[in-house]
Trainee: 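Take a look at the following structure, please.
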Amino acid sequence: MSSQDRTGDPAEDRDPVADTSDDGSFEGFEIPDDLSGLAASDEPPFAALVTQIAGAEPLAAACSLGQVEADVVATDVGAVAVLRDAAGDAPAHAAAALTTLVKGVPLILVERRGEQLTMTRWTDGAAGDTLAPGLVLGGAPESLEDLLTGTTTIGALDGIVPSGSISRFKAMRMLTSAARKARKK
């Protein structure tokens, strides 16, 4: 660039190499030691429990007994509980509590943090295999896929049953009745 091409703006005339100190660092420019915050998303974490339980009410009742705060909705493949607390290890505690309460009924814990989606199978209070999201979502209904990937929210779906709307006494009655019906069959 020749001196005739310059606009006269002092910021454009400054040589960036001349702004460095003797040790090669830029003055006034600080590089943090921890760069993990640069990739952090403003999106809050999301966690859901995908089950084979047929209806929203029975899963909401189980959540109520297990003291898991969630909004539950039925899908074509089973009920899904969207956890209200998805921070830290709360999703793992919820999955453990629910699979301990409803023995022999596996579920998939889905966690979304930023753009990362992880799915873990839980049975009888213990974490099992980590599953590939593509394989799990491959045969899932579109409404479930949209919910888990963040395209839609739980509030946009019909038939939501909050676990807090079912008292522990009512939950116990519902699950006892369902267990009796299952034994008769």
Side-chain angles (χ1 to χ4, degrees), residues 44-113 116-185:
F46 170 88
L49 304 172
V50 180
T51 71
Q52 297 174 351
I53 297 173
E57 277 198 335
L59 180 56
C63 287
S64 176
L65 284 177
Q67 298 179 339
V68 173
E69 291 188 36
D71 294 313
V72 182
V73 66
T75 69
D76 295 340
V77 294
V80 177
V82 176
L83 302 177
R84 292 191 181 164
D85 183 8
D89 58 354
H93 286 295
L98 203 57
T99 57
T100 299
L101 183 66
V102 186
K103 292 218 181 277
V105 179
L107 62 80
I108 298 173
L109 170 61
V110 178
E111 295 180 273
R112 186 181 67 233
R113 299 188 191 284
Q116 182 68 36
L117 196 62
T118 57
M119 300 186 177
T120 309
R121 183 187 335 252
W122 282 76
T123 307
D124 298 333
D129 305 343
T130 298
L131 308 169
L135 294 176
V136 174
L137 295 175
E142 191 173 325
S143 62
L144 177 60
E145 185 178 333
D146 289 346
L147 177 65
L148 299 181
T149 59
T151 307
T152 190
T153 62
I154 187 75
L157 301 176
D158 294 329
I160 300 167
V161 180
S163 62
S165 70
I166 299 176
S167 71
R168 296 188 76 182
F169 181 70
K170 181 179 178 183
M172 190 67 116
R173 282 194 342 245
M174 287 174 65
L175 294 177
T176 302
S177 174
R180 258 189 252 127
K181 287 178 186 176
R183 280 192 297 259
K184 286 182 183 179
K185 291 182 180 182

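Side chains included, hydrogens not; waters and symmetry mates left out as well; all remaining heavy atoms used.
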Trainee: Could you pull out the closest heavy-atom pair between Ala79 and Leu59, with the gap in Å?
Mentor: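 Heavy-atom minimum between the residues: CB-CD2, 3.6 Å.
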
Trainee: Suppose we screen for side chain to side chain contact (heavy atoms under 4.5 Å, CB included). Which residues come up paired with Leu175, at least two apart in sequence or across chains?
Mentor: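 Leu175 satisfies side chain to side chain contact (heavy atoms under 4.5 Å, CB included) with Ala61, Ala62, Leu65 once adjacent residues are dropped.
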
Trainee: Is it the case that the side chain of Thr51 and the backbone of Leu107 share a donor-acceptor pair, with hydrogens and angles ignored and the cut-off at 3.5 Å?
Mentor: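 A pair under 3.5 Å: no.
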
Trainee: Any idea which heavy atoms bring Ser64 and Ser163 closest together, and the distance?
Mentor: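 Answer, listing the atom of Ser64 first, then Ser163: CB-O, 3.6 Å.
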
Trainee: Mind checking what makes side-chain hydrogen bond (donor to acceptor under 3.5 Å, both in side chains) contact with Arg84, not counting sequence neighbours?
Mentor: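 For Arg84 the side-chain hydrogen bond (donor to acceptor under 3.5 Å, both in side chains) partners, ignoring immediate neighbours, are Asp71.
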
Trainee: Can you tell me how far OG1 of Thr75 sits from CG of Leu147, rounded to the nearest 0.5 angstrom?
Mentor: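 It comes to 9.0 Å.
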
Trainee: Give every residue pair that meets the side-chain hydrogen bond (donor to acceptor under 3.5 Å, both in side chains) criterion with at least one member in residues 85-104, sequence neighbours excluded.
Mentor: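 Qualifying pairs, neighbours excluded: Asp89-His93.
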
Trainee: Quick test of your reading: applying side-chain hydrogen bond (donor to acceptor under 3.5 Å, both in side chains), list the pairs with at least one residue in residues 129-140, sequence neighbours left out, ordered by first then second residue.
Mentor: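 Listed once each, the pairs would be none.
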
Trainee: Hey, which of Val80, Val136, Thr149 is the one that makes side-chain contact (heavy atoms from CB on, under 4.5 Å) with Leu144?
Mentor: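 Option passing the side-chain contact (heavy atoms from CB on, under 4.5 Å) with Leu144: Val80.
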
Trainee: Please find the pair of heavy atoms, one from Arg112 and one from Leu148, that lie closest to each other, and give the distance.
Mentor: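 Nearest pair, atom of Arg112 first, then Leu148: NH1-O, 2.8 Å.
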
Trainee: Could you tell me which residues satisfy side chain to side chain contact (heavy atoms under 4.5 Å, CB included) with Pro58, sequence neighbours excluded, listed by chain and number?
Mentor: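 Residues passing side chain to side chain contact (heavy atoms under 4.5 Å, CB included) with Pro58: Ile53.
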
Trainee: Under the salt bridge (Lys or Arg N to Asp or Glu O under 4.0 Å) definition, can you give me all pairs with a residue in residues 166-177, not counting sequence neighbours?
Mentor: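 Qualifying pairs: none.
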
Trainee: Can you check whether Met119 reaches Leu135 side chain to side chain, under 4.5 Å on heavy atoms?
Mentor: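 A side-chain contact is absent here, since even the closest heavy-atom pair is not under 4.5 Å.
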
Trainee: Compare every heavy atom of Gly66 with every heavy atom of Ala97, then report the nearest pair and how far apart it is.
Mentor: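 Heavy atoms only, the tightest pair is CB-O, 3.9 Å.
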
Trainee: Donor-acceptor pairs are to be reported for all side-chain atoms of residues 120-127 against protein atoms at under 3.5 Å, with residues two or more places apart or in another chain.
Mentor:
| from | atom 1 | to | atom 2 | distance (Å) |
| --- | --- | --- | --- | --- |
| Asp124 | OD1 | Gly104 | N | 2.7 |

Trainee: Might you point out which heavy atoms bring Cys63 and Leu98 nearest each other, and give the distance in Å?
Mentor: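 Looking at all heavy atoms of both residues, the closest pair is N-CD1, 3.8 Å.
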
Trainee: Which atom pairs, one a donor and one an acceptor, fall under 3.5 Å between side chains of residues 152-162 and the rest of the protein, sequence neighbours left out?
Mentor:
none

Trainee: Could you measure the distance from the CD atom of Gln52 to the CD1 atom of Ile108? Nearest 0.5 Å is fine.
Mentor: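 Atom-to-atom, Gln52:CD and Ile108:CD1 are 8.0 Å apart.
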
Trainee: Applying salt bridge (Lys or Arg N to Asp or Glu O under 4.0 Å) as the test, list every pair that has at least one member in residues 142-157; sequence neighbours left out.
Mentor: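 Salt bridge (Lys or Arg N to Asp or Glu O under 4.0 Å) check on residues 142-157 returns no pairs.
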
Trainee: Mind checking salt bridge (Lys or Arg N to Asp or Glu O under 4.0 Å) for Glu111 and listing every partner two or more places apart, or none if nothing turns up?
Mentor: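 With neighbours one apart ignored, the set is Arg113.
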
